[in-house]
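Okay, so here's the structure we're looking at.
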Amino acid sequence: MSESTVKKKNKQARTLYYYGFGIFLFMLLILLTVAGCRQDYSPKPDGYLRIDPHPKAYKLIDKTGFPLSFEISQSAQGIIDNSVASAWINIIYPRYKATVYCTYIPIDKKNKTCIFAESKELVYRHGIKAEKIQAQLYENAERHLYATLYSLTGNTATPLQFTVTDSISYLFRGALYFDTPVKRDSVAPVIEYVTQDIMHLIETVQPQK
C-alpha cells in the first residue's frame, strides 16, 4: 500500500470520528434542553380557604315600626327599611360577604292565595339550574307559625330560601345571596352556618306587640 493511500485512509477516519463526535454533542445538547424545559402539567385539585364560623350567639331584632321581632346571629347586621308597603330587612354577614334578603308582605283573604303562589314560584324558578330543591317544613300550631326552609343545590344564584307565615296576616320570606360568585363546595360551612341561623330565626319570630 502506497504512502498516499495510507494518508488518505487516515484522513477519512479522522473525518468520520469528528463527524460522529459532533452528532453525539448535538444529541446531548438536545436531551439537556428538553430535560431542563420539562414541566409537570398534571392537574391539581382546587384549593379552598378554610372557613371557621363564629361561635353561636344571638341578638334580638325588634325595631320600632317593623311588624315582626326575631333573633339573628351576633355576627350579622340587620338593616331594616319599613318605608314601603312591604317591609324589607337585609341580614348581612360581613365576614362571609353574604346577605339574606328578607321581605315582610301583609296578606288578607283576597291576596293570600296569589302571594303564596308567587312566593313558591320565586323558589322553583331556580329549578332551571338547581340540581335539587329540598323543602323542610316547620309548624308550631300553638303559635300559629308555619315555615318552609328550601335548600337548593347546584349552580344556583341562591343556595337557601325560606318562608314564614301565620297563614292569616303576613308572609315573611328570605333568600341567601353571596356578594360574588362562589362554588358551593367552598362555602358549604357558611351555608350550614346560615341555615342554623335561619332555623333559629324561624323558631323565635313573633309579631310585634
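Nothing here was measured: the structure is a model prediction, and the numbers come from that model.
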**Report entry** Residue pairs, two or more places apart or on separate chains, that pass side chain to side chain donor-acceptor pair (under 3.5 Å) and touch residues 164-179
**Finding:**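 Residue pairs with at least one partner in residues 164-179: S119-R173, Q161-R173, D166-S169.
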
Of all the heavy-atom pairs spanning [X] and [Y], show the shortest one and how long it is.
| X | Y | answer |
| --- | --- | --- |
| F178 | Y96 | CD2-O, 3.8 Å |
| I91 | C102 | CD1-SG, 4.0 Å |
| I115 | P106 | CD1-O, 3.7 Å |
| G78 | I72 | N-CD1, 3.9 Å |
| Q77 | P94 | NE2-CG, 3.6 Å |
| L152 | V123 | CD2-O, 4.0 Å |

Report task. Could you please spell out the steps behind the side chain to side chain contact (heavy atoms under 4.5 Å, CB included) verdict for I61 and F66? Result -> CA-CA 9 Å; I61 294 293; F66 194 78; 5.5 Å; no

Query - Ring centers of F172, F70 separated by less than 6.0 Å - result: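 When the ring centroids of F172 and F70 are compared, they turn out to be within the sub-6.0 Å range.
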
Is any side-chain heavy atom of [Y] closer than 4.5 Å to one of [X]?
| X | Y | value |
| --- | --- | --- |
| I107 | F116 | yes |
| Y150 | L160 | no |
| M199 | L149 | yes |

Query raised in the report: Got a sec: does the NZ of K97 have more than 12 other heavy atoms crowding it under 6.0 Å?
Result: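 Not buried by this count: 12 neighbours or fewer within 6.0 Å.
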
Report task. Before giving the answer on side chain to side chain contact (heavy atoms under 4.5 Å, CB included), spell out for L145 and Y138 the whole-Å C-alpha distance, their side-chain angles and the decisive distance to 0.1 Å. Result -> CA-CA 8 Å; L145 190 65; Y138 175 88; 4.0 Å; yes

Requested in this report: Return the set of residues passing side chain to side chain contact (heavy atoms under 4.5 Å, CB included) with P207 (not counting sequence neighbours), or none when no residue passes.
Outcome: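 Listed in chain order: nothing, the list is empty.
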
Counting N and O atoms only, with roles assigned by atom type, does the side chain of [X] sit under 3.5 Å from a partner on the main chain of [Y], one being a donor and the other an acceptor?
| X | Y | result |
| --- | --- | --- |
| Q208 | K63 | yes |
| N90 | I92 | no |
| T158 | L176 | yes |
| N111 | C114 | no |
| R143 | E203 | yes |

Query - Y124 and K120: CA distance, side-chain angles, deciding distance, side chain to side chain contact (heavy atoms under 4.5 Å, CB included) verdict - result: CA-CA 6 Å; Y124 285 91; K120 192 171 184 177; 3.8 Å; yes

Query - Hphob cluster co-occupancy, Y101 + I89, side-chain heavy atoms under 4.5 angstrom - result: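 No; I89 is not reachable from Y101 via cluster members.
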
Query raised in the report: When hydrophobic residues are tied together by side-chain contacts of less than 4.5 Å, even through go-betweens, does V187 share a cluster with V100?
Result: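 Yes.
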
Query - Sequence neighbours excluded, every pair satisfying salt bridge (Lys or Arg N to Asp or Glu O under 4.0 Å) that has a member inside residues 188-202 - result: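 The answer is K56-D197.
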
Query raised in the report: T163 and Y146: side-chain donor and acceptor closer than 3.5 Å?
Result: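 No, no side-chain donor-acceptor pair sits under 3.5 Å.
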
Query raised in the report: Please walk me through it: do Y58 and S75 pass side chain to side chain donor-acceptor pair (under 3.5 Å)?
Result: CA-CA 8 Å; Y58 296 98; S75 64; over 6 Å; no

Report task. Check the pair Y93, V194 against side chain to side chain contact (heavy atoms under 4.5 Å, CB included), reporting the backbone distance first and the verdict last. Result -> CA-CA 9 Å; Y93 292 82; V194 176; 4.1 Å; yes

Requested in this report: Any chance you could measure Q136, atom CD, to T195, atom OG1, to the nearest 0.5 Å?
Outcome: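 Rounded to the nearest 0.5 Å, the CD-OG1 separation comes out at 8.0 Å.
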
